[in-house]
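Below is one structure, written out as structure tokens; the observations come after it.
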Amino acid sequence: MEQGPDFIEELRWRGLLHDHTPGVEEHLRTGRRLGYIGFDPTAESLHVGNLVQIMLLVHYQRCGHVPIALVGGATGMVGDPSGKSEERNLLDEATLDRNIAGIKAQLARFIHFGDGPADARMVNNYDWFKDMGFLRFIRDVGKHITVNYMMAKDSVKKRLETGISFTEFSYQLVQGFDYQWLHTHLGVTVQMGGSDQWGNITTGTELIRRMGGGEAFAITSPLLTKSDGSKFGKSESGNVWLDAKRTSPYRFYQFWLNTADEEACKCLRIFTTWEKERVEALIAEHLKAPHLRAVQKALAEDITKRVHGEEELRAALQASEILFGNASVEALGTLTEQQWLEIFEGVPQADVPRGALEQGIGMVDLLTDHGAFLPSKGEARRALKENSIAVNKAKAGEDRVVNTSDLLGGKFILLQRGRKNYYLVKVVG
RNA sequence: GGGGAGAUACCCAAGUGGCCAACGGGGGCAGACUGUAAAUCUGUUGUCUUACGACUUCGUAGGUUCGAAUCCUGCUCUCCCCA
């Protein structure tokens, strides 16, 4: 068979390998193997925190193997205790269905699905759990694993003090059975996941072994954290989602562009599919001239393009140029209304009646009463005194009055507080 | 059950009758610097109007006083020690 790069070796240099069961390397070298990763359908969209797992599948496929994406329609109903200090809320079926559909669509942007021998496949564990009764489960599955074994898992041990429901305690068995089922029905022999999933995955390999299914392997990736130790994939405004409706492509692009130097290099290895030489050349270039931020730019462009497409990337680049570049008022004036709305999507906006603007509006009122951009007039005055407010890119003082002559594109006024906070005033009526 | 300590702004924490919108630190925001970074420095950080002003705020409800975060009483909550 045509064999791509060595998967384990690939993970290793990319910094994606945390742990693996003995023998996987050989196992993967000697044939095309089916490997799976489970995704929790807790939301309608995946976020960049899931991206590491997605990349595992991407690299897996690139290396000539067959990735299986499992959405946990059943496991999502139970709740994984790993890394959670408290019992989780359960999702209802309708929500789960919607979430699963959303996730499927997103995964398709990364890996190639189809019916060919090397194509990725998508499965939902609800399909094999929905008709399984409790008695059958505890007879066929539960019989093979001891409670002692289950209690030894970190995810369970940590919760023994504070309490864990039987439901969450059972989680590992449910996930373990997934693996067992995929093993016997599809011939899946590899399960991957974040290092926090090690316990759950090995319950699966154990189950397969005890149920006489033979060999099954586990591979985990390190959990990605930022250099300050905080969780990766959160911006000040919360989770960074892959769904453009939740995180605009512009914000998405900015998230990657703003990664710290050290992280950016790490991310470049993890989140691009570029070969080693290209990655290393970029990093070397970055070290020579860090202020150019070649790594961040390359990273942000590549990921944004993959997630949102060429068009959206271009818009994000344009927006960034206008917001952070040296775009002049003239440049702003040339934008079409459509462009305005696209660029400033996600930026606080306010509608102001044309009549009020014709009479002229003082800065303090514009920032508070009309725009509600700042919480109080005192704060607005302070900001104006601090010289931090700009109208259409020009600093404004407290006595500045805006009127229709300030309109750009006939319709918009751009306010800024400091360098990074934008507010858009739209005229209506 | 007995005894003690405490509750102050986003967080920590000073303040024990007027000079308290309340020291200081953290955090936030902004300015300078810079790489849309980090570090650093500076300013700012209850609300409202025409700000030399007014109003609301120191757990909660009352009271004493010309005047209270500060004193008194009830209540709620937190912590500690002894049993």
Side-chain angles (χ1 to χ4, degrees), chain A residues 48 224-238 240 247-268 282-304 313-328 331-332 342-348 360-401 414-424:
Chain A
V48 304
L224 200 53
T225 51
K226 292 206 269 194
S227 35
D228 63 2
S230 64
K231 203 168 172 195
F232 180 82
K234 300 244 182 193
S235 69
E236 320 77 59
S237 42
V240 178
T247 300
S248 72
Y250 161 70
R251 294 210 175 282
F252 187 81
Y253 174 83
Q254 285 287 323
F255 169 78
W256 296 102
L257 191 66
N258 278 316
T259 46
D261 294 10
E262 199 186 309
E263 272 159 61
C265 295
K266 220 159 63 175
C267 288
L268 196 66
L282 250 172
I283 291 174
E285 191 186 319
H286 181 269
L287 289 176
K288 249 187 294 169
H291 60 281
L292 294 178
R293 294 189 298 157
V295 166
Q296 280 94 334
K297 282 178 188 162
L299 179 70
E301 282 186 32
D302 188 64
I303 303 183
T304 308
L313 168 64
R314 228 193 333 269
L317 282 168
Q318 191 190 19
S320 300
E321 182 56 32
I322 285 175
L323 295 177
F324 293 105
N326 303 316
S328 56
L332 288 169
E342 276 170 17
I343 290 172
F344 292 102
E345 197 198 352
V347 162
I361 302 174
M363 283 311 293
V364 173
D365 290 336
L366 184 63
L367 288 166
T368 55
D369 294 344
H370 289 284
F373 300 133
L374 300 182
S376 74
K377 302 209 169 175
E379 173 128 9
R381 274 196 201 87
R382 195 181 313 125
L384 286 160
K385 213 176 299 168
E386 282 168 347
N387 203 27
S388 66
I389 302 291
V391 177
N392 295 336
K393 294 256 166 194
K395 291 288 184 187
E398 193 171 343
D399 49 0
R400 173 80 149 85
V401 173
L414 183 62
L415 299 179
Q416 268 172 282
R417 172 165 200 203
R419 214 178 283 282
K420 289 194 199 173
N421 303 309
Y422 286 83
Y423 312 103
L424 186 62

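Lettering of chains follows the sequences in order, A, B, ..., and the numbering in each one begins at 1. Just so it is clear, the structure is predicted and the values come from calculations on it, not from any experiment. Note: hydrogens, waters and symmetry copies are ignored here, and every other heavy atom, side chains too, is used.
B/G24 sits 11 Å from B/G15 when the C1' atoms are compared, rounded to a whole Å. The gap from the C1' atom of B/C52 to that of B/U57 amounts to 24 Å, rounded to the nearest Å. B/A13 sits 14 Å from B/A69 when the C1' atoms are compared, rounded to a whole Å. Rounded to whole Å, the P atom of B/A39 lies 13 Å from the corresponding atom of B/G26. Nucleotides B/G46 and B/G35 are separated by 37 Å at their C1' atoms, to the nearest Å. For the C1' atoms, the distance from B/A22 to B/U47 is 16 Å, rounded to whole Å. With both ends at atom P, the span from B/C72 to B/A5 equals 12 Å, rounded to whole Å. Across the C1' atoms, B/G25 and B/A9 are found 14 Å apart, a figure rounded to whole Å.
Across all strands shown, nothing is found opposite B/C19 as a Watson-Crick or G-U wobble partner with both distances under 3.5 Å. Shown here, B/G53 forms a base pair with B/C48; the pair counts as Watson-Crick or G-U wobble because both key distances fall under 3.5 Å. For B/U76, the paired nucleotide is B/A7, the pair qualifying as Watson-Crick or G-U wobble because both relevant distances are below 3.5 Å. B/A68 is unpaired under the Watson-Crick or G-U wobble criterion, no partner having all donor-acceptor distances under 3.5 Å. Pairing for B/A83 is absent, judged as Watson-Crick or G-U wobble with the two contacts each under 3.5 Å. Nucleotide B/A32 has B/U40 as its partner under the Watson-Crick or G-U criteria, with both atom distances under 3.5 Å.
Contacts of A/K395 with the nucleic acid, taken as non-hydrogen atoms under 4.0 Å apart, involve only primed sugar atoms and P, OP1 or OP2. No engagement by A/T259 is indicated, since no non-hydrogen atom pair under 4.0 Å with the nucleic acid exists. Among the atoms of the strands shown, base atoms are found under 4.0 Å from some heavy atom of A/L257. Among the heavy atoms of the strands lying under 4.0 Å from A/Q296 is at least one base atom, whether or not backbone atoms are also near. Across all strands shown, A/D261 has heavy atoms under 4.0 Å from base atoms, whether or not it also approaches the sugar-phosphate. Counting any heavy atom pair closer than 4.0 Å across all strands shown, A/R293 reaches a base atom.
Mapping A/R417 and A/Q254 onto RNA chain B by nearest heavy atom places A/R417 closer to the 5' end of the strand. If you find the closest nucleotide of RNA chain B to A/N258 and to A/S376, the one lying nearer the 5' end belongs to A/N258.
Looking only at side-chain heavy atoms (C-beta outward), A/L323 and A/Y250 come within less than 4.5 Å of each other. By the 4.5 Å heavy-atom criterion applied to side chains, A/V391 and A/L414 are not counted as neighbours. The shortest distance between side-chain heavy atoms of A/W256 and A/V48 falls below 4.5 Å.
On the nucleic acid side, RNA chain B contacts chain A at distances under 4.0 Å to non-hydrogen atoms, with the end points of that region at B/C29 to B/A51.
Considering only residues two or more places apart in sequence or on other chains, A/E398 meets the salt bridge (Lys or Arg N to Asp or Glu O under 4.0 Å) condition with A/R381.
Rounding to the nearest 0.5 angstrom, the gap separating the CD1 atom in A/I389 from the CD atom in A/Q416 is 9.5 Å.
Within a 6.0 Å sphere centred on NZ of A/K385, other residues, nucleotides and ligands contribute 12 heavy atoms or fewer.
Counting only distance, with no hydrogens or angles, the side chain of A/Q296 and the backbone of A/T259 share a donor-acceptor pair below 3.5 Å.
Taking the six-membered ring where the residue is Trp, A/F373 and A/Y423 present parallel rings, their angle staying beneath 30° rather than reaching 60°.
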